[in-house]
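Because only heavy atoms are used, hydrogens play no part in the values below, and waters and symmetry mates are left out as well, while side chains stay in. Protein chains get the first letters and strands the later ones, always in sequence-line order, with residue 1 at the start of each.
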Protein chains: 2
Amino acid sequence: MTVTLADVAARAQVSPATVSRVLNGNYPVAATTRDRVLRAVDELDYVLNGPASALAAATSDLVGILVNDIADPFFGIMAAAIQSEIGGPGGRAGGERLGVVCNTGGSPERELTYLTLLQRQRAAAVVLTGGAVENTTHAAAVATKLRKLADAGTRVVLCGRPPAPADAEAVALTFDNRGGGRELTEHLIGLGHRRMGYIAGPEERTTTRHRLEGHRAALAAHGIADDPAWTVHGRYDRRAGYEATLELLRREPSLTAVVAANDTVALGACAALRDSGLRIPDDVSVVGFDDLPFSVDAVPALTTVRLPLSEAGARAGRIAMGREEAPDGGIVTVQGELMVRGSTGVPKG
Amino acid sequence: MTVTLADVAARAQVSPATVSRVLNGNYPVAATTRDRVLRAVDELDYVLNGPASALAAATSDLVGILVNDIADPFFGIMAAAIQSEIGGPGGRAGGERLGVVCNTGGSPERELTYLTLLQRQRAAAVVLTGGAVENTTHAAAVATKLRKLADAGTRVVLCGRPPAPADAEAVALTFDNRGGGRELTEHLIGLGHRRMGYIAGPEERTTTRHRLEGHRAALAAHGIADDPAWTVHGRYDRRAGYEATLELLRREPSLTAVVAANDTVALGACAALRDSGLRIPDDVSVVGFDDLPFSVDAVPALTTVRLPLSEAGARAGRIAMGREEAPDGGIVTVQGELMVRGSTGVPKG
DNA sequence: TCACACATAGAAAGCGCTTGCTGCAACGCT
DNA sequence: AGCGTTGCAGCAAGCGCTTTCTATGTGTGA
């Protein structure tokens with residue numbers, strides 16, 4: 001029924017071993033023989049059996065990419081960049097690998113299950129993107145799993161995700177969330193803001209915590225009291241931003257600025273402010289984080305911190321493929337860049 | 001080094017066959033034996049070797065999801081919905097399958113290569129999302145490939161993609177792009193617009209063509225002449241929308257409305273209009289397509305056609321898993337819903 | 001009590017490929 | 001001319017699992 005290596009070998013009048021070597025190209029094969037084999041492959045329309053070679057060679061050409069939410073461009077952009085580098089079709093030279101984007105939905109259990117699935121497939125590499133959940137027992141479970149993967153020869157790269165202490169020797173590209181958060185708030189302080197609400201992401205997430213810490217560091221540095229009531233947690237989506245803003249306004253109607261955990265949340269915040277009859281930035285300034293493509297199109301355009309998502313993803317992909325040296329020490333912190341736009345201004349009051 | 005089925009068998013004092021049967025659960029195994037095996041699996045921290053079972057069983061638990069642009073929420077949303085249904089971790093019951101999101105970047109070659117890669121992996125199913133390229137030779141190549149996949153037992157489902165004539169018996173969920181396009185334009189005509197620019201997507205794409213046809217059908221139905229100069233093609237991104245709008249304005253400064261191929265493009269159009277000193281909808285109305293999450297947040301909120309991306313994706317996922325009957329005839333057309341919002345109004349002039 | 005069906009476990013034959021090792025020319029060296 | 005190299009191709013042993021077929025023990029009806 002299906003064409004096998006042996007069929008090709010028979011047709012090309014060589015041994016299966018030779019065909020295998022031609023296909024893998026890591027063993028000297030005479031040019032004329034190679035051509036004969038290649039022709040046979042073509043004529044028979046042969047397609048290698050992936051599982052069989054993975055079994056025999058003890059490695060597969062799958063590369064796992066774990067994301068928290070594939071519907072969120074933050075992850076979509078990184079995933080696209082990673083995939084473009086792991087040499088899938090259209091990628092650079094080298095083996096054709098299959099980039100597998102796995103959507104964990106931010107759930108620790110799913111993350112773990114996906115890692116097991118990838119381990120089961122003997123994945124060549126795994127890239128974990130985005131913030132991690134800061135639950136000790138879960139973090140330990142993930143670290144254990146990652147260690148096992150690494151031991152089994154799977155390359156592990158973190159992208160936009162701080163290495164947990166237990167992750168030890170993993171290669172990591174992390175974003176300077178703390179620094180970005182601080183810059184954003186200092187920008188607002190510089191404009192004269194003192195009463196700023198903060199819409200944080202879900203609790204127990206590294207990204208959430210780091211950005212919030214940056215915000216607080218800025219407040220502290222300028223001697224501004226940090227009223228816990230001015231911080232509201234929620235998911236990283238528009239709706240959460242909308243509701244959190246309404247809640248913030250209820251708690252403290254005199255706010256002059258809203259600092260959102262990311263651009264998507266900021267958009268929701270803008271909508272809530274508008275619906276409350278407030279003008280941006282005249283009445284209230286708003287800042288986001290990430291600088292997703294749509295942020296520049298918001299009205300007014302969003303002041304935010306640009307994260308080089310695409311570049312970081314590409315680099316992570318290259319490292320995962322072993323095409324680029326892992327950085328010294330294994331960890332690199334990628335800086336964001338403050339983008340001042342129309343959504344922030346001098347407070348009226 | 002690594003734990004194998006045999007190790008588990010030895011530990012549980014049963015034969016490898018029994019362990020396999022316990023793990024696959026499709027053969028009667030006495031409860032006490034099963035427990036013993038399961039305990040051994042646990043103690044040994046055994047992880048099934050995917051390639052090996054795929055080889056032996058001649059099927060794998062991979063499901064391919066092909067998208068044109070993973071960074072675009074249009075695809076991200078569908079991909080997320082599909083993945084949530086194919087029973088990956090967190091999905092419903094049933095085998096744990098690994099959803100593989102493949103980013104074709106809209107390139108026919110990549111699409112083909114990915115299909116080959118999936119064929120090589122003996123994927124259990126493949127879901128193709130989004131518009132197809134209307135290049136005859138390429139379409140034929142894809143159809144051939146799909147037929148081969150189907151013959152090899154891979155379930156093939158199209159989601160938001162019209163079946164090419166050659167795709168014959170494939171199951172397809174397609175969006176009513178033509179109908180949506182028509183509705184949008186009729187809405188504008190109803191408001192009194194007569195001079196409307198159209199920003200189309202890339203040529204040679206089914207989605208592009210269908211939406212444009214809907215637009216033209218509406219014009220024709222109302223006896224409005226269709227000036228080809230008022231249609232500009234471009235990519236499906238913000239920037240293309242921005243530039244196309246500028247171009248349109250240059251060609252015909254008296255336009256009262258801009259019809260964009262999708263919401264992302266519409267956002268770019270809005271930016272261009274604003275930068276040109278025009279107000280929306282007072283000077284120019286704008287409509288999009290898809291109703292992506294951010295569209296309601298645009299200022300003014302975008303009038304568009306809502307496509308049930310999530311629902312369609314979920315259904316496609318279920319069909320791919322064989323958990324839902326394929327529709328009669330194999331093809332279902334999913335309707336969009338016109339969402340009238342602030343970006344459209346009565347023309348001034 | 002004996003034959004027979006039923007339930008459960010094992011033996012063993014692959015699945016299609018990779019790769020270490022062996023075999024054998026043709027070649028260059030002294 | 002003799003012998004060690006070098007360059008290519010083949011042999012065959014698995015890789016770890018699934019599954020058919022067979023064997024065994026237990027319960028049933030006559």
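Listed by first and then second residue, the side-chain hydrogen bond (donor to acceptor under 3.5 Å, both in side chains) pairs involving residues 129-143 of chain A are A:Glu134-A:Arg209, A:Asn135-A:Thr137 (not counting sequence neighbours). Evaluation of the side-chain hydrogen bond (donor to acceptor under 3.5 Å, both in side chains) test over residues 20-30 of chain B, restricted to residues two or more places apart or in two chains, returns B:Ser20-B:Asn24. Here side-chain hydrogen bond (donor to acceptor under 3.5 Å, both in side chains) pairs that include residues 49-67 of chain B, with residues two or more places apart or in two chains, are A:Gln121-B:Asp61.
Put simply, A:Asn49 has no side-chain N or O that comes within less than 4.0 Å of OP1 or OP2 on C:dC15.
Under the side-chain hydrogen bond (donor to acceptor under 3.5 Å, both in side chains) criterion, A:Thr154 pairs with no residue, sequence neighbours left out. Remark: B:Arg161 pairs with B:Glu111 by the salt bridge (Lys or Arg N to Asp or Glu O under 4.0 Å) rule, at least two apart or across chains. The side chain to side chain contact (heavy atoms under 4.5 Å, CB included) test applied to B:Ala40 returns B:Val8, B:Arg11, B:Ala12, not counting sequence neighbours. Under the side-chain hydrogen bond (donor to acceptor under 3.5 Å, both in side chains) criterion, A:Thr33 pairs with no residue, sequence neighbours left out.
The CG-C1' distance, from A:Leu5 to C:dG16, rounds to 7 Å in whole Å. Atom CG of B:Leu44 is separated from atom P of D:dG16 by 14 Å (rounded to the nearest Å). The interatomic distance linking A:Asp61 (CG) with C:dT18 (C1') rounds to 14 Å, in whole Å.
Scanning residues 26-43 of chain A for heavy-atom distances under 4.0 Å to DNA chain C yields A:Tyr27. Contacts with DNA chain D (heavy atom under 4.0 Å) in residues 7-21 of chain B: B:Ala17, B:Ser20, B:Arg21, listed by number.
Between B:Leu55 and A:Ala54, the residue anchored nearer the 5' end of DNA chain C, judged by the nucleotide with its closest heavy atom, is B:Leu55.
For the 3.5 Å distance criterion, the side chains of B:Lys148 and B:Gln119 fail to qualify, holding no donor opposite an acceptor.
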